[in-house]
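Data first, discussion second: the structure below is written as structure tokens.
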Amino acid sequence: METFEEILEQYEPMISSIIRKLNIYKNYDSFRQTARIALWQAWQNFDEAKGKFSNYAYTMIKTTLLKEMTKENRYSELQIALDKDDLTNAAHYYQMKNNTGQEVELFEEIQQILTEEEFELLIGLYFFGYSYNTLAERFGVPITTLKKRRQRLMEKIRKRLNEG
């Protein structure tokens, strides 16, 4: 019986081929390692009575990589990348929360009159400068809905400011 090191050396070209066919170009090393683990699992679980090892290994590697790609894609869809300006703005926001000035009181008053989702939209648009497209994906609604929500929340704020 062959050792796993021999199997790995023999199947490295197959792993490379599968990675190319799946167009994996980000996190390449991580996916290659995932493929090697799948090969090891195939080697551990293989039953000669059920067919050829090469077919089983190919299926295990490809299926495992596809599952991993699905997880990676789902994760990246849920994340909005922060650039340097976003991080700077976030730092200013937290710094502002620690101040006791009039702006903070106004900010907290606005936060109290808005729903959590309205406040997130306000911060997303005006504080972080996200586009309507980005926020529409994040909230899972059409851009027109977001624009209408922005209009209603601005009316709420104006009304409250005119009262005070």
Side-chain angles (χ1 to χ4, degrees), residues 12 14-42 44-45 57-164:
E12 278 291 342
M14 179 189 282
I15 290 172
S16 297
S17 172
I18 294 170
I19 288 174
R20 271 192 311 277
K21 285 179 183 172
L22 294 176
N23 294 318
I24 295 173
Y25 57 92
K26 287 169 54 177
N27 301 331
Y28 180 84
D29 291 334
S30 174
F31 279 103
R32 179 167 283 285
Q33 185 63 23
T34 300
R36 289 174 180 149
I37 292 168
L39 178 64
W40 181 79
Q41 289 172 337
Q44 291 288 311
N45 300 327
Y58 182 88
T59 303
M60 279 286 287
I61 293 167
K62 188 170 182 180
T63 303
T64 302
L65 288 176
L66 286 169
K67 285 179 186 176
E68 189 66 23
M69 287 172 66
T70 301
K71 279 183 2 187
E72 287 274 328
N73 290 340
R74 205 173 294 136
Y75 177 78
S76 18
E77 285 172 4
L78 296 173
Q79 302 303 314
I80 296 177
L82 293 175
D83 61 15
K84 184 179 175 188
D85 292 337
D86 292 336
L87 295 173
T88 302
N89 289 339
H92 289 302
Y93 168 73
Y94 288 109
Q95 183 181 8
M96 187 175 82
K97 281 182 76 169
N98 295 329
N99 291 334
T100 56
Q102 202 172 7
E103 297 86 8
V104 175
E105 289 173 19
L106 176 62
F107 187 77
E108 288 173 350
E109 187 177 334
I110 289 171
Q111 189 175 8
Q112 289 173 2
I113 63 172
L114 299 177
T115 66
E116 186 175 326
E117 195 171 82
E118 288 172 332
F119 188 71
E120 262 188 72
L121 176 60
L122 181 74
I123 293 298
L125 283 171
Y126 297 107
F127 194 75
F128 291 112
Y130 293 134
S131 69
Y132 279 109
N133 288 338
T134 301
L135 291 170
E137 286 179 29
R138 183 177 187 177
F139 287 107
V141 297
I143 292 173
T144 53
T145 303
L146 277 185
K147 289 182 177 182
K148 190 67 177 170
R149 287 181 185 174
R150 185 201 64 83
Q151 183 183 6
R152 282 195 301 266
L153 76 88
M154 294 306 284
E155 288 171 4
K156 251 188 200 181
I157 292 171
R158 282 189 197 103
K159 182 179 176 186
R160 183 65 175 249
L161 291 175
N162 289 336
E163 288 174 2

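Any value given below was found using the heavy atoms of this structure, including those in side chains, with hydrogens, waters and symmetry copies removed.
Residues that satisfy the side-chain contact (heavy atoms from CB on, under 4.5 Å) test with I113, not counting sequence neighbours, are I157, R160. With sequence neighbours left out, K156 forms a salt bridge (Lys or Arg N to Asp or Glu O under 4.0 Å) with E118. N45 pairs by the side-chain contact (heavy atoms from CB on, under 4.5 Å) definition with Q41, Y56, not counting sequence neighbours. Considering only residues two or more places apart in sequence or on other chains, Y58 meets the side-chain hydrogen bond (donor to acceptor under 3.5 Å, both in side chains) condition with none of them. Partners of N133 under the side-chain contact (heavy atoms from CB on, under 4.5 Å) rule, at least two apart in sequence or in another chain, are S131, I143. Annotation: side-chain contact (heavy atoms from CB on, under 4.5 Å) contacts of K67 (sequence neighbours excluded): T63.
Contact between A136 and P142 at its shortest, heavy atoms only, is CB-C, 4.3 Å. Smallest separation of non-hydrogen atoms from L135 and G124: CD1-C, 4.0 Å. Closest non-hydrogen pair, I61 versus A38, comes out as CA-CB, 3.9 Å.
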Go through E72 and N27 one step at a time and tell me if the side chain to side chain contact (heavy atoms under 4.5 Å, CB included) criterion holds.
CA-CA 10 Å; E72 287 274 328; N27 301 331; 3.0 Å; yes
Would R138 and Y130 satisfy side chain to side chain donor-acceptor pair (under 3.5 Å), going step by step from the backbone distance to the final call?
CA-CA 10 Å; R138 183 177 187 177; Y130 293 134; 4.9 Å; no
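Of the listed residues (K147, R149, K148), just one forms a side-chain contact (heavy atoms from CB on, under 4.5 Å) with T145, and that residue is R149.
Remark: side-chain polar atoms of T70 are paired, donor with acceptor, to backbone N or O of L66 under 3.5 angstrom.
The line from CD of E68 to CD1 of I24 is 9.0 Å long, rounded to the nearest 0.5 Å. Of the inter-residue distances, the one linking L153 atom CG with L146 atom CG reads 10.0 Å to the nearest 0.5 angstrom. Here the CZ-CG distance, from R152 to L114, works out to 12.0 Å after rounding to the nearest 0.5 Å.
Listed by first and then second residue, the side-chain hydrogen bond (donor to acceptor under 3.5 Å, both in side chains) pairs that reach into residues 31-40 are E12-R32, E12-R36, S16-R32, Y28-R32, sequence neighbours excluded. For residues 14-23, no pair satisfies salt bridge (Lys or Arg N to Asp or Glu O under 4.0 Å), with sequence neighbours left out.
By the 4.0 Å N-to-carboxylate-O rule, E155 lies too far from R158 to be salt-bridged with it.
Open room surrounds CD on E116; 12 or fewer heavy atoms of other groups in view lie less than 6.0 Å from it.
Here the side chains of Y25 and I19 are not in contact, with every heavy-atom distance at 4.5 Å or above. With contacts defined as side-chain heavy-atom distances shorter than 4.5 Å, the pair M154/L122 qualifies. F31 is listed as a side-chain neighbour of M69, based on a closest heavy-atom distance under 4.5 Å.
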